[in-house]
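Below is one structure, written out as structure tokens, with a few remarks after it.
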Amino acid sequence: LALALAPLEALSHILMWTAAPVRSAGDSARAEMIELPRLRLRFRAREGAADEGGGGRVRLWSDEHTGMFISGANASAARCARTAALLAGLPHVLLEHTDGRLAALVSGAMVPIPRPASAPAHAPLCSFVPGGPAWVSKLGASSSSFVFAIHPSRALLAPPSAAGALHLLTVRLLRGEYARAVPLLPACGSDAPFAPDARQLFDRLCVLLRPSPGCPPDLRAVRLRLGMRLRGDASGAAWPWHDREDLE
């Protein structure tokens, strides 16, 4: 259970509750409820009802996302190669709906960072660190965690908001997955000024993607397209550099 939740939050910020009496560290008990306070998430262990396809199995059901439960590691959805490829490099918990839909639950409190220059070549291009108090304080109810709907084709993720799109865009670009980044660009804008959560994600994107010598052409193209998307919308976001730096 700890390994299943580790992609979402540091274990020191996960609370597990049980109704069984626990008198010592060695006593066994079943987790009846799991809380992730920083992410505003809560899961309860219960058997699925007949109309939920429970079949008497105990699952961890989400309080916030009705009808969704944590998919088991042995479920067919978790073993799907296309799903695994789509979610590669993105720390997540796979959620399954009673009607068979899938979604990736992603933490907004885990901050994507690039591979350090001193890291070995086999190290991941993008890794994640727990956000500090300043980062977490700007997360809203809809950005403390993101639920990305997985298309039935297992070919794309649908971001739930501009903040979710910016978070996933950062991961895709740090991993060099430019073709997968392009479909996210339309969702990165907004018809209202960015809230503090989306603004801090965009500001971080500006720091990570600042033009530099030897920048891949595909990355330049993504920056230009995102700049065009944001230009003139109501988000109030704009690159802190001129487009000509990507055109030269």
Heavy-atom nearest pair, Leu41 first then Leu105, reads CD1-CD2, 3.8 Å
Ionic contact status for Arg40 with Glu64, cut-off 4.0 Å
no
| query | Does the cation-pi check pass for Arg59 over Phe69, that is, NZ or CZ under 6.0 Å from the six-membered ring centre and within 45° of its axis? | reply | yes
Exercise for the section: Report the C-alpha separation of Leu94 and Ile150 in whole Å, then their side-chain angles, then the decisive distance to 0.1 Å, and conclude whether the side-chain contact (heavy atoms from CB on, under 4.5 Å) test is met. Expected result: CA-CA 10 Å; Leu94 189 65; Ile150 300 175; 3.7 Å; yes
What do the steps show when you test Val147 against His65 for side-chain contact (heavy atoms from CB on, under 4.5 Å), and what is the final call? CA-CA 9 Å; Val147 176; His65 307 291; 3.3 Å; yes
Connected via hydrophobic side-chain network under 4.5 Å: Val111 and Leu125: no
Heavy-atom side-chain proximity of Asp63 to Arg44 below 4.5 angstrom: yes
Tell me whether the centres of the aromatic rings in Phe43 and Trp17 are closer together than 6.0 Å. no
Exercise for the section: For residues Val106 and Pro91, determine if any side-chain heavy atom of one lies less than 4.5 Å from a side-chain heavy atom of the other. Expected result: no
Closest non-hydrogen atoms of Ala29 and Val22, given as atom of the first, atom of the second and distance, are CB-CG2, 3.9 Å
dist Arg115:CZ -> Cys126:SG (nearest 0.5 Å) comes out at 11.0 Å
Output for pair (Arg229 CZ, Leu224 CG), nearest 0.5 Å, gives 16.0 Å
Discussion item. Quick one: does any side-chain atom of Arg204 pair with a main-chain N or O of Pro112 as donor and acceptor, under 3.5 Å?
Written reply: yes
Residues 170-182 vs side chain to side chain donor-acceptor pair (under 3.5 Å), sequence neighbours excluded, gives Arg172-Glu177, Arg175-Glu177
Q: Quick one: do Arg220 and Cys215 satisfy side-chain contact (heavy atoms from CB on, under 4.5 Å)? Show the steps, please.
A: CA-CA 7 Å; Arg220 292 178 183 270; Cys215 180; 3.9 Å; yes
### Backbone of Leu139 reached by a side-chain donor or acceptor of Ser143 within 3.5 Å
no
Rounding to 0.5 Å, atoms OG (Ser107) and NE2 (His167) come to a distance of 7.0 Å
Could you check whether any side-chain heavy atom of Arg210 comes within less than 4.5 Å of a side-chain heavy atom of Ser212, counting everything from C-beta outward? no
*N/O donor-acceptor pair under 3.5 Å between Arg231 side chain and Ala238 backbone*: no
Separation between CE (Met110) and CG (Leu8), nearest 0.5 Å, reads 8.5 Å
Judged by atom type as modelled, is there a donor-acceptor pair below 3.5 Å linking the side chain of Asp197 to the main-chain atoms of Lys138? no
Closest heavy-atom pair, Leu39 versus Ser144, reported as atoms and distance to 0.1 Å, is O-OG, 3.0 Å
**Study point:** Trp135 side chain to Pro130 backbone, donor-acceptor under 3.5 Å
**Key:** no
ILVMFWY cluster, Leu90 and Leu156 together (side-chain gap under 4.5 Å)
no
- Message: Using the rule that Ile, Leu, Val, Met, Phe, Trp and Tyr join whenever any side-chain heavy atoms are under 4.5 Å apart, tell me whether Met33 and Met16 fall into a single cluster.
- Response: no
For Leu205 and Leu226, what are the C-alpha separation, side-chain angles and deciding distance, and is it a side-chain contact (heavy atoms from CB on, under 4.5 Å)?
CA-CA 11 Å; Leu205 197 60; Leu226 181 56; 4.0 Å; yes
Is there a chain of hydrophobic side chains (I, L, V, M, F, W, Y, each step under 4.5 Å between heavy atoms) that links Ile70 to Leu11?
yes
Looking only at heavy atoms, the pair that brings Cys188 and Leu169 closest together is SG-CD2, 3.9 Å
Point to revise | Row check, Trp61 ring normal vs Arg46 NZ/CZ: under 6.0 Å, within 45° | key: yes
- Query: How are the rings of Phe202 and Trp239 set relative to one another: parallel (under 30°), tilted (30 to 60°) or perpendicular (over 60°)?
  - Reply: parallel
Tightest non-hydrogen contact, residues Pro37 and Leu15, listed as CG-CD1, 4.0 Å
Correct closest heavy-atom pair for Phe148 and Pro159 would be CD2-CA, 3.5 Å
Check your understanding: In this structure, are over 12 heavy atoms from other groups packed under 6.0 Å from Asp99 atom CG?
Key -> yes
Quiz item: If Ile, Leu, Val, Met, Phe, Trp and Tyr residues are connected whenever their side-chain heavy atoms lie under 4.5 Å apart, and connections chain through other members, are Val222 and Trp241 in the same group?
Solution: yes
Rounding to 0.5 Å, atoms CZ (Arg42) and CD (Glu35) come to a distance of 4.0 Å
Separation between CE (Met68) and CG (Leu95), nearest 0.5 Å, reads 5.0 Å
